[in-house]
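Working notes for the structure below.
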Amino acid sequence: RDVMVRGVPAAALDTPASEVERTLRRLRLHHLPVVGERGLLGVVSLGDVARFHAARERATSGGAG
C-alpha cells in the first residue's frame, strides 16, 4: 500500500495507438492498463506500440526492408 499508485492512468479498448503512445511518453510509463466495461482487458507496453508502428510501416512500404 505504501508504494502503490492511486488513480492509475488507463486506456479504453478503442483508444488510438497514437494517444496510447502519447500517454506512455508524457507520463514516462512503460505499461498502460487497457480497461473496458468488465474491468481490466490487458496491458499495453511502449514496446507493443513500437512494434505496431513498425508493422504498419512495413505494410505501407510494401514489405520492403
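- What you find for Pro33 and Val8 is that their closest heavy atoms are CG-CG1, 4.0 Å.
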If you look only at distance, which donor and acceptor atoms sit under 3.5 Å apart when one is on a side chain in residues 10-20 and the other is two or more places apart or in another chain?
{"unit_1": "Thr15", "atom_1": "OG1", "unit_2": "Ala12", "atom_2": "N", "d": "3.0"}
{"unit_1": "Thr15", "atom_1": "OG1", "unit_2": "Ala12", "atom_2": "O", "d": "3.0"}

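- Here Arg56 pairs with nothing under the salt bridge (charged side-chain N to carboxylate O under 4.0 Å, His left out) rule; sequence neighbours left out.
- Taking CG from Leu29 and OG1 from Thr23, the interatomic distance works out to 8.5 Å, rounded to the nearest 0.5 Å.
- Residue Phe52 is not grouped with residue Leu24 when hydrophobic side chains (ILVMFWY) are merged at heavy-atom distances under 4.5 angstrom, including chains of intermediate members.
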Using atom types as modelled, flag every donor-acceptor pair under 3.5 Å from a side chain in residues 41-51 to any protein atom, sequence neighbours excluded.
{"unit_1": "Ser45", "atom_1": "OG", "unit_2": "Gly47", "atom_2": "N", "d": "3.3"}
{"unit_1": "Ser45", "atom_1": "OG", "unit_2": "Asp48", "atom_2": "N", "d": "3.0"}
{"unit_1": "Ser45", "atom_1": "OG", "unit_2": "Asp48", "atom_2": "OD1", "d": "3.4"}
{"unit_1": "Ser45", "atom_1": "OG", "unit_2": "Asp48", "atom_2": "OD2", "d": "3.2"}
{"unit_1": "Asp48", "atom_1": "OD1", "unit_2": "Arg51", "atom_2": "NH2", "d": "2.7"}
{"unit_1": "Asp48", "atom_1": "OD2", "unit_2": "Ser45", "atom_2": "N", "d": "2.8"}

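- Across all their heavy atoms, Leu27 and Pro9 have their closest contact at CD1-CG, 3.6 Å.
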